[in-house]
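Letters A, B, ... mirror the listed sequences (proteins, then strands); counts begin at 1.
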Amino acid sequence: MSYKTVLPIIFFTAACCAAFAGTPATEASGDSAARADLYKSAGVVLLVWAGIAFYLFFIDRKISGLEKEIDEK
Amino acid sequence: MSFLLRLVYFAMPAAILLAFLWAPPVAVLGETGRIIYFHVPSAWVSVLAFLAAGIFSVIYIAKPGRYSMLDSKAENAVLIGIVFTIVTLVTGSVWAKLSWGSFWNWDPRQTSIVILLLVYVAYISLRSSLSDNPSIGRISSAYLVFALFLMPLFIFVVPRIYPSLHPDPIINQGGRVNLDSEIQLTLLVSMFAFTLLFFYLWSLSNRVSELRRQVEENKYEL
């Protein structure tokens with residue numbers, strides 16, 4: 001998977017964040033503190049996922065490279 | 001196929017955003033109920049992984065020598081299943097702390113999932129002890145077939161026999177899923193994302209196993 005594939009994923013995630021930015025998440029929509037906590041939690045979980053995703057992406061590339069090397073031999 | 005699996009890079013952020021920013025709080029459980037979008041799919045993936053490992057082991061035993069790679073594929077599925085079982089256990093314990101006041105309550109659900117975890121950790125231990133044994137594939141596959149019959153007992157039967165604090169009765173009142181449509185949709189997206197993640201991880205580990213096999217057979221020098 002190339003950077004041409006990864007970049008749209010990053011843009012997709014950013015676009016989703018922007019799209020959900022105005023959505024009320026709690027029943028009491030005036031409760032801005034609870035909503036801020038939800039945004040913070042979502043940010044932390046997204047950050048964790050980004051780390052896992054990049055790790056998987058580089059493992060995938062590495063395995064593809066090794067498979068290609070074996071195929072060429 | 002691998003292109004489909006890479007959809008996980010899109011599905012997982014979508015599931016996270018839906019879980020935190022779109023879905024309303026779960027009735028009775030409140031904001032802490034959002035953990036179901038990670039806890040339930042992790043539990044589902046654990047079952048899927050152990051089921052796949054069991055089925056592959058049955059085929060391995062039924063057709064000896066024909067599908068030699070099925071043994072290592074089953075091992076990879078078990079390893080991933082163990083990781084997701086630990087995620088299930090941790091997310092469940094965090095929710096238990098928030099709702100019941102302590103991380104560990106000896107609830108039938110908690111206890112049965114730990115026993116199941118130990119059953120599959122014992123499989124890893126068994127494989128390690130048989131590393132020099134030429135029958136490692138057959139013995140460990142037989143163990144996984146035994147575990148395949150044990151798994152539904154611990155996941156579906158035991159927690160329903162004994163009284164439990166697990167919020168099944170709130171979610172599944174009268175055998176029907178008692179959740180808002182937004183919550184159901186978010187849960188479905190999350191389960192789809194986690195299922196993709198499982199198959200993606202499994203595919204990566206199977207490819208590594210295949211590479212290792214080729215190197216061990218001295219066909220190639222990397």
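- No donor-acceptor pair closer than 3.5 Å links the side chain of Y39(A) to the backbone N or O of L21(B).
- Note that the CD atom of Q214(B) and the CG atom of L66(A) stand 10.5 Å from one another [nearest 0.5 Å].
- Side chains of S41(A) and R34(B): a donor-acceptor N/O pair is absent below 3.5 angstrom, by distance only.
- In this structure, CG on L211(B) lies 10.0 Å from CD on E69(A), to the nearest 0.5 angstrom.
- Separating the CD1 atom in I52(A) from the CG atom in L197(B) is a distance of 7.5 Å, to the nearest 0.5 Å.
- Within a 6.0 Å sphere centred on CZ of R207(B), heavy atoms belonging to other residues, nucleotides or ligands number more than 12.
- Going from atom CH2 of W49(A) over to atom OH of Y9(B) covers 7.0 Å, rounded to the nearest 0.5 Å.
- Minimum interatomic distance between L204(B) and I63(A) (heavy atoms only, all atoms of both residues): O-CD1, 3.7 Å.
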| said: Determine whether L56(A) and V8(B) satisfy the following criterion, side-chain contact (heavy atoms from CB on, under 4.5 Å), listing intermediate values before the conclusion. | reply: CA-CA 11 Å; L56(A) 290 177; V8(B) 71; 5.8 Å; no
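- Using a 4.5 Å heavy-atom threshold, the side chains of V44(A) and F20(B) count as separate.
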